[in-house]
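Remarks on the structure that follows.
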Amino acid sequence: MSGLRRPWSDNSPLLSSRKEKQHTSPVSCSSPSSPSSVEMSTAAATTTPRRSIFLGVDVGTGSARAGLFDESGKLLGSASSPIQIWKEGDCVEQSSTDIWHAICAAVKSACSLANVSGNEVTGMGFAATCSLVAVDADGSPVTVSWSGDSRRNVIVWMDHRAVKQAEKINSSNSPVLQYCGGALSPEMEPPKLLWVKENLPESWSMVFRWMDLSDWLSYRATGDDTRSLCTTVCKWTYLGHAHMQQLNGKDSRNMETCGWDDDFWEEIGLGDLVDGHHAKIGRSVAFPGHPLGSGLTPTAAQELGLVAGTPVGTSLIDAHAGGVGIMESVPELGSEAKENDNEAICHRMALICGTSTCHMAVSRNKLFIPGVWGPFWSAMIPEYWLTEGGQSATGALLDYIIENHAASPRLANRAASLKISMFELLSNTIKTMIDELKSPFLAALTEHIHVLPDFHGNRSPIADPKSKGIVFGLTLETSERQLALLYLATVQGIAYGTRHIVEHCNAHGHKIDTLLACGGLSKNSLYIQEHADILGCPIVLPRESESVLLGAAILGAVASKKYSSLTEAMKALNAAGQVIHPSKNPKVKKYHDAKYRIFHDLYEQQLSQRSIMAQALE
């Protein structure tokens, strides 16, 4: 295969137009200017001598973002920079070099905007999607693409090329699978690794390190190859509870790996990853927030516009950083609510809702829940077991529904002329339709439209990657009003999926009664209100909307030794904002209960139809 070891060049076409604009006039942290293509937002910031400022970096599906926070958890300034993505069928790929360039641009711009100098940054942390990075012994990218393009060395989290490999692995019935809800998803790393070995043998032989993206970022920043308990436990089948008796999160250090199940890797055909004490997938692990190496290397510090030696905390997956940034964002409820502070957090679920949605809940005891990932020990909050539900397409599904409707161009033009988002315009349209159609309440507008939101499979609690999306109730109408109804029905379908996850978790030992939401969709008032009504419980929004960035910054705060533990830092830097309560109208509950039954019926009908067609093709 050609192009496997093509040397990386900053003059590569990948960066030729977009990134050159960002790097023609390098911006230091104290510079008043910033790259023109970098989007920025800010809150009031005052320069104070010797203040402690924590930097969080979040790499999402489409952009790299940086945010600076003070000691109260207040956002001082943030910036984002787009990253390249290639999509070809089930294959979705990125470039680690491009991602690093975007991070550097975002960090410099955030510092400039917030009027923060490099030596004021007390500590920093990274969060990223659970994408898979391949590099050789020199740290250069190794292609994971059919194209042979060495820039494309990242298999993105949402890539579903490894469905068959996941099925093969799940047929092994390995004991590690019980800690993944009973089955691995094709979005996890072992199926992707097996796919590369089976399909790109030359790349497989060249890779020196396989890393989760957030681990690669901290490695790129510090030179320390220690992996996070978050990434390894949640996405690689590492058994974090092997360290339960070693130490706790308050006395963290890098620990030699003892939680890999070598029999599992041998059984699925990846026994070569066991070689060299698991050198390619991780010899040492640490709790999130553990300080890595000697902090930023001189090279990384110069690229970021920061100071060499700045503490860097062991990383988190982006959704888990959102959990760290929001799980203690609850209103003060009096002394009785604090009676058992360690248990209070176990009644909450964090919704990190963006392109996809992750549902995070913790418990003191391990809870095995079929179809839901986990229990993962210390994967988010040290010494707690994490349960992780999820929906693979939420924001992405809403975008798909809107962009593929005949009314989308007209809607986009109207939204642009009004200087509002398409989501806001659709919400406004829905509100006007209540009176026009004499609907008893907003939700009832979708009486004849029902959506099963499994357009990218069902991650949980059914764990069926082959599940398909369903829209029931289509007509020939192509108006903006019809799109508004379809949009509302899709929002409701997503919320029924969340209700299914919460009820399933509670049926298996959780006691979730409060939701906390962050991410892009949490800023959508219709989306949040429908979730509150459908689940029948309050939803707390954080004071600072950038919870993933805050969670990443908290890692830096812990690494800097400002706080003795991740939990202490969360309590100091998390803060509650608005609380959204469910409707008290009993008719609203009755209506959603009826639609929720139809939601379940749609999947059962799909299974029946799948069986009928399979028999027809025998």
Side-chain angles (χ1 to χ4, degrees), residues 349-354 356-361 369-372 389-398 400-401 426-427 430 441-464 467-474 484-508 510 512-515 517 519 521-522 524-539 580-583 585-607:
M349 174 176 276
L351 304 184
I352 295 82
C353 34
S356 62
T357 294
C358 291
H359 305 68
M360 306 290 190
I369 306 176
V372 179
Q391 295 164 292
S392 294
T394 50
L397 175 56
L398 293 175
Y400 174 84
I401 291 294
L426 285 169
S427 295
I430 290 166
F441 44 86
L442 183 148
L445 289 167
T446 61
E447 175 186 359
H448 302 298
I449 305 179
H450 310 283
V451 175
L452 183 71
D454 295 353
F455 284 57
H456 199 53
N458 183 286
R459 185 186 298 172
S460 55
I462 298 171
D464 180 1
S467 183
K468 302 292 188 270
I470 297 173
V471 179
F472 177 91
L474 291 176
L485 292 179
L486 179 58
Y487 166 71
L488 175 58
T490 305
V491 168
Q492 292 170 340
I494 292 169
Y496 298 134
T498 291
R499 176 173 168 177
H500 193 191
I501 292 168
V502 172
E503 289 183 351
H504 188 68
C505 288
N506 282 346
H508 287 82
H510 277 287
I512 299 159
D513 56 25
T514 301
L515 300 184
L521 289 176
S522 70
N524 183 326
S525 59
L526 175 71
Y527 186 91
I528 294 300
Q529 187 63 61
E530 288 300 291
H531 274 71
D533 292 348
I534 287 167
L535 279 91
C537 65
I539 299 181
I580 310 300
H581 294 280
S583 171
N585 185 345
K587 292 183 178 179
V588 173
K589 181 182 185 304
K590 181 179 179 182
Y591 176 83
H592 283 306
D593 286 346
K595 288 204 70 165
Y596 186 52
R597 290 198 300 272
I598 294 172
F599 168 85
H600 284 290
D601 288 345
L602 289 174
Y603 180 72
E604 294 302 322
Q605 291 169 21
Q606 179 180 167
L607 288 182

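We use all heavy atoms of the structure for the numbers below, so side chains are in, but hydrogens, waters and symmetry mates are not.
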Residues in side chain to side chain contact (heavy atoms under 4.5 Å, CB included) contact with [X], at least two apart in sequence or another chain:
X      : result
Thr490 : Leu397, Leu398, Ile401, Val451, Leu486, Ile494
Ala361 : Met349, His510, Ile512
Asn585 : Phe441, Ser583, Lys587, Val588
Ile598 : His450, Leu602

With sequence neighbours excluded, residues passing ring-ring contact (aromatic ring centres under 6.0 Å, His included) with [X]:
X      : answer
His359 : none
His508 : His504
Phe455 : Tyr400

Identify, with sequence neighbours excluded, every residue that meets side chain to side chain donor-acceptor pair (under 3.5 Å) alongside [X].
X      : value
His581 : none
Glu530 : Gln492
Asp464 : Tyr603, Arg610

Using side-chain heavy atoms (C-beta onward) and a distance below 4.5 Å, is [X] in contact with [Y]?
X      : Y      : answer
Pro461 : Val372 : yes
Leu452 : Phe599 : yes
Leu515 : His531 : no
Leu442 : Leu488 : yes
Ser522 : Leu351 : no
Thr498 : Thr394 : no

Minimum-distance pair of heavy atoms, taken over all atoms of Ile534 and Ala495
CD1-CB, 3.5 Å

Which heavy atom of Ser460 sits nearest to which heavy atom of Gly371, and what is that distance?
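What the structure gives for the nearest pair is CB-O, 3.0 Å.
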
Between NE2 on residue His448 and CG on residue Leu485, distance to nearest 0.5 Å
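That separation rounds to 10.5 Å.
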
Once you round to the nearest 0.5 Å, how far does CD of Gln529 lie from CG of Leu526?
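Between Gln529 CD and Leu526 CG, I get 8.5 Å after rounding to 0.5 Å.
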
Salt bridge (charged side-chain N to carboxylate O under 4.0 Å, His left out) pairs touching residues 495-505, sequence neighbours excluded, are Arg499-Glu503, Arg499-Asp593

Which residue pairs pass the salt bridge (charged side-chain N to carboxylate O under 4.0 Å, His left out) test with at least one member in residues 447-459, sequence neighbours excluded?
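For residues 447-459, and leaving out neighbouring residues, the salt bridge (charged side-chain N to carboxylate O under 4.0 Å, His left out) pairs sorted by first residue read Glu187-Arg459.
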
Under 3.5 Å: donor-acceptor pair, side chain of Tyr487, backbone of Leu426:
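No; judged by distance alone, with no hydrogens or angles, the pair does not exist.
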
Aromatic ring proximity His500/Tyr496, centre distance under 6.0 Å:
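Aromatic pair excluded; centres sit 6.0 Å or further apart.
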
